[in-house]
Amino acid sequence: MEKRKQRKSQRRSGNGELIMSYSCTIPTCKLSRRDTQTVVKWKFLEHKGPVFAPPYEPLPSNVKFYYDGKVMRLSPEAEEVATFFAKMLDHEYTTKDIFRKNFFKDWRKEMTAEEKAKITDLKKCNFSEMNEFFKAQSEARKAMTKEEKQKIKEDNERILQEYGFCIMDNHRERIANFRIEPPGLFRGRGDHPKMGMLKRRIRPEDIIINCSKDSKHPEPPPGTRWKEVRHDNKVTWLVSWTENIQGSIKYIMLNPSSRIKGEKDWQKYETARRLKKCVDRIRNQYREDWKSKEMRIRQRAVALYFIDKLALRAGNEKEEGETADTVGCCSLRVEHIKLYPENDGQEYVVEFDFLGKDSIRYYNKVPVEKRVFKNLQLFMENKEPDDDLFDRLNTSILNKHLQELMDGLTAKVFRTYNASITLQQQLKELTNAEENIPAKILSYNRANRAVAILCNHQRAPPKTFEKSMQNLQTKIDAKREQLSDAKRELKSAKADAKVRKDEKSKKSAVQRIEEQLMKLEVQATDREENKQIALGTSKLNYLDPRISVAWCKKWGIPVEKIYNKTQREKFAWAIDMADEDFEF
DNA sequence: GCCCGAACTTAGCATTAGGGAT
DNA sequence: ATCCCTAATGCTAAGTTCGGGC
């Protein structure tokens with residue numbers, strides 16, 4: 001199938017200017033949402049540049065590599081790449097054909113002529129001594145003394161203080177990823193055609209530095225030079241380089257706690273709130289469009305219905321063979337849905353089954369409106385399974401249309417909007433004023449869970465899940481035991497006049513234990529329900545933090561129960577801003 | 001209008017840290 | 001003091017969006 005291309009989104013007009021009045025660490029400023037690329041992002045930017053991966057340390061000579069059963073000494077270049085593979089021996093990756101093929105091809109490129117001539121078959125390579133060496137190394141690291149660990153910690157802290165911060169417009173801001181990605185073997189997600197390829201080491205000569213002219217420019221390591229030093233204040237990144245697997249650009253940017261990220265995040269939620277105001281109109285419009293005489297408009301309207309109702313991603317085209325075969329809404333193929341005029345007593349059911357972002361499976365059976373169903377039948381007529389479902393549509397066309405419906409509206413805004421509004425509704429519905437704090441937090445997590453399910457944020461069940469459930473159950477059993485003991489004691493205290501004076505303290509003991517038991521039980525329920533669901537992604541990226549802050553204030557829940565330290569830093573703007581009356 | 005690439009957000013898994021249990 | 005487990009953090013891949021060039 002060839003790649004359909006897209007593009008050119010219409011220049012936005014109108015005035016969507018958002019004034020940031022918040023000013024704690026965030027200075028008052030204007031940032032127009034629409035011109036991401038054209039507006040000044042900073043006036044002054046100074047930083048120390050990136051931290052490079054440590055140089056390769058050759059293996060000690062007693063750690064041997066064997067080819068075809070015989071010891072073979074590798075050149076440092078070939079050895080380094082071999083160690084990347086050796087470190088992964090326990091991983092399933094190394095058994096996969098594509099991974100092995102890609103690795104071997106790239107490894108051979110690093111070999112000397114002699115090595116290349118000799119090493120012709122990966123199956124004859126024995127990396128096990130290397131593998132054991134690295135395992136021993138990591139054991140040794142774990143077994144280090146307190147002092148040694150402390151020393152490492154202090155060294156890291158020093159590096160963090162030196163390279164982990166920059167000055168942007170009078171503020172010292174935390175940098176997100178100031179370390180350059182070390183070389184290694186590429187691990188794509190899912191069935192990635194490039195898995196196993198060598199991710200090459202990044203050198204100063206690959207690095208573009210971005211900082212302000214009047215700042216103290218970062219120095220490249222002695223004897224090296226930067227690829228370029230530029231002064232582009234229309235972008236937010238400090239450092240960039242081109243990665244060799246996909247040829248894409250990687251960036252060093254600021255931490256989510258920074259002014260520049262916080263403002264952007266705020267804007268995102270403000271756009272979603274504007275959608276709230278006009279979503280009814282938009283829904284009516286696309287329902288009308290299901291009846292359009294133009295196929296492209298019907299397709300657009302059905303796709304938008306899916307994006308709205310099911311929180312699907314936009315679904316850009318992807319170049320075949322370059323990445324795993326995954327889809328979103330606009331790139332759905334006929335093979336990804338099944339139509340059931342009737343299913344389990346429901347009419348017009350659509351079954352979705354496809355791999356989405358990160359090759360996470362989306363499986364869902366949903367009843368849809370008759371008109372949607374009929375349209376889908378129409379779109380599927382005379383098509384092969386691997387044909388596009390929406391052959392007259394792509395993300396560019398869809399977003400152009402959305403832009404006309406509301407300034408700043410794109411497909412992803414629906415995900416933000418539906419996630420946030422769902423949290424707000426669910427919190428209203430699930431929070432019980434009578435309940436104690438742990439129970440309220442369970443309600444919060446359940447509301448969060450509803451969103452995660454909507455957005456299909458899944459996770460592999462933790463490897464230790466069963467065991468950790470068991471541990472918790474053991475604790476609960478012990479607590480129950482303790483409770484009945486305490487109750488028995490209370491009873492006898494009541495009965496026995498001599499110990500009567502103990503009654504009060506026994507009573508409060510029972511109460512305390514009951515509370516502890518309840519807390520454990522809530523924890524067990526929460527954990528069980530969360531087995532395959534990841535709450536973090538929605539919490540961090542889709543839920544307007546002001547909803548959570550307002551909820552905490554309303555019910556007297558410490559915000560620390562909902563957001564950990566990092567999250568509180570990221571959402572400082574919201575914690576500062578929202579009162580208990582905040583409405584998304 | 002089409003295509004490409006830059007910039008930025010979103011994503012799950014791996015590793016580490018630190019707090020409670022022993 | 002050490003061990004063990006969970007929660008937090010780190011890492012980097014994989015998306016979306018938009019502007020620019022033709």
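We name chains A, B, ... by the order of the sequence lines, and we start the count at 1 in each one. These numbers come from the heavy atoms of this one structure, side chains and all, not from hydrogens, waters or symmetry mates.
- A donor-acceptor contact under 3.5 angstrom links the side chains of A:Ser538 and A:Asn448, judged on distance only.
- Nearest nucleotide to the A:Pro182 side chain, out of C:dT12, B:dT9, C:dA14: C:dT12.
- Within the 4.0 angstrom heavy-atom criterion, only backbone atoms of the sugar-phosphate kind lie near A:Arg313; the bases stay farther away.
- In this structure, the CZ atom of A:Arg230 is 9 Å from the P atom of B:dA6, given to the nearest Å.
- Looking at heavy-atom distances under 4.0 Å, A:Lys199 makes contact with sugar-phosphate atoms alone, never a base.
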Revision key, fill the gap. Quick tally for nucleotides 14-22 of chain B: nucleotides whose base has a protein heavy atom under 4.0 Å get B, sugar-phosphate-only ones S, the rest -, giving S---S----

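- The ring pair (Phe, Tyr, Trp, His ring centres under 6.0 Å) search around A:Phe306 returns A:Phe352, not counting sequence neighbours.
- Going from atom NE2 of A:His457 over to atom P of C:dA14 covers 16 Å, rounded to whole Å.
- Nearest-nucleotide mapping onto DNA chain C: of A:Ala176 and A:Ala411, the residue sitting toward the 5' end is A:Ala176.
- OP1 or OP2 of C:dC3 has not a single side-chain nitrogen or oxygen of A:Lys142 nearer than 4.0 Å.
- Within the 4.0 angstrom heavy-atom criterion, only backbone atoms of the sugar-phosphate kind lie near A:Thr236; the bases stay farther away.
- Using a 4.0 Å heavy-atom criterion, one finds that A:Glu243 contacts no nucleic acid atom at all.
- A:Asp308 pairs by the side-chain hydrogen bond (donor to acceptor under 3.5 Å, both in side chains) definition with A:Arg283, A:Tyr286, A:Asn418, not counting sequence neighbours.
- Applying the salt bridge (charged side-chain N to carboxylate O under 4.0 Å, His left out) test to every pair with at least one member in residues 449-458 of chain A, sequence neighbours left out, gives these pairs: A:Arg449-A:Asp526, A:Arg449-A:Glu529.
- One finds no side-chain N or O of A:Lys264 lying less than 4.0 angstrom from the OP1 or OP2 phosphate oxygen of B:dA7.
- Every residue was checked against the side-chain hydrogen bond (donor to acceptor under 3.5 Å, both in side chains) condition with A:Asn210, not counting sequence neighbours, and none meets it.
- Residue contacts for A:Lys261: at a heavy-atom cut-off of 4.0 Å it reaches the sugar-phosphate backbone alone, with no base atom in range.
- Between A:Lys194 atom NZ and C:dT12 atom P there is a gap of 18 Å when expressed in whole angstrom units.
- With distances taken from any side-chain atom of A:Asn564 to the nucleotides B:dA11, C:dA8, B:dT9, the minimum falls on C:dA8.
- The residue among A:Lys565 and A:Cys329 whose nearest nucleotide of DNA chain C is located toward the 5' end is A:Lys565.
- Regarding A:Phe354, its CZ atom lies at a distance of 15 Å from the C1' atom of C:dA14, rounded to whole Å.
- Phosphate proximity of B:dT10 to A:Lys412: present, with a side-chain N or O under 4.0 Å from OP1 or OP2.
- Residue contacts for A:Gly247: at a heavy-atom cut-off of 4.0 Å it reaches no nucleic acid atom on any strand shown.
- The side chain of A:Lys268 contributes an N or O atom lying less than 4.0 Å from OP1 or OP2 of B:dT10.
- The CZ atom of A:Arg174 sits 10 Å away from the C1' atom of C:dG10 (whole-angstrom rounding).
- Taking atom CD on A:Gln267 and atom C1' on B:dC8, their separation rounds to 12 Å, with Å as the unit.
- Distance A:Gln246 CD to B:dC4 C1': 15 Å, rounded to the nearest Å.
- Proximity of A:Asn541 to the phosphate of B:dT9: no side-chain N or O atom is located under 4.0 Å from OP1 or OP2.
- Taking only side-chain nitrogens and oxygens, A:Asn177 never comes nearer than 4.0 Å to OP1 or OP2 of C:dC11.
- The residue A:Pro256 sits apart from the nucleic acid: no heavy atom pair falls under 4.0 Å.
- Between A:Ser248 and B:dA6 there is no side-chain N or O to OP1 or OP2 distance below 4.0 Å.
- A:Lys357 contributes a side-chain N or O that forms a donor-acceptor pair with the base of B:dT10 under 3.5 Å.
- In terms of phosphate contacts, A:Tyr542 brings a side-chain nitrogen or oxygen within less than 4.0 Å of OP1 or OP2 of B:dA11.
- Where A:Tyr251 and A:Asp358 each meet DNA chain B at their nearest nucleotide, the meeting point lying more 5' is that of A:Tyr251.
- For the 3.5 Å distance criterion, the side chains of A:Glu263 and A:Gln267 fail to qualify, holding no donor opposite an acceptor.
- Under the 4.0 Å criterion applied to side-chain N and carboxylate O atoms, A:Glu139 and A:Lys142 are assigned as salt-bridge partners.
- A:Leu540 comes within 4.0 angstrom of no nucleic acid atom, judged by non-hydrogen atoms across all strands.
- Rounded to a whole Å, the CG atom of A:Asn399 is 17 Å from the P atom of C:dG15.
- Set against C:dT12, C:dA14, B:dC8, the side chain of A:Trp237 has B:dC8 as its closest nucleotide.
- Other residues, nucleotides and ligands contribute more than 12 heavy atoms inside 6.0 Å of the CD atom of A:Gln161.
- The shortest distance between the side-chain N/O atoms of A:Thr537 and the OP1/OP2 oxygens of B:dT10 is not below 4.0 Å.
- Under the side-chain hydrogen bond (donor to acceptor under 3.5 Å, both in side chains) criterion, A:Tyr563 pairs with A:Ser548, sequence neighbours left out.
- When distances are taken from the side chain of A:Ile360 to each of B:dG12, C:dT17, C:dA14, the shortest belongs to B:dG12.
- Residue contacts for A:Ser240: at a heavy-atom cut-off of 4.0 Å it reaches no nucleic acid atom on any strand shown.
- Between A:Trp226 and A:Phe52, the two ring planes are parallel [angle under 30°; tilted spans 30° to 60°].
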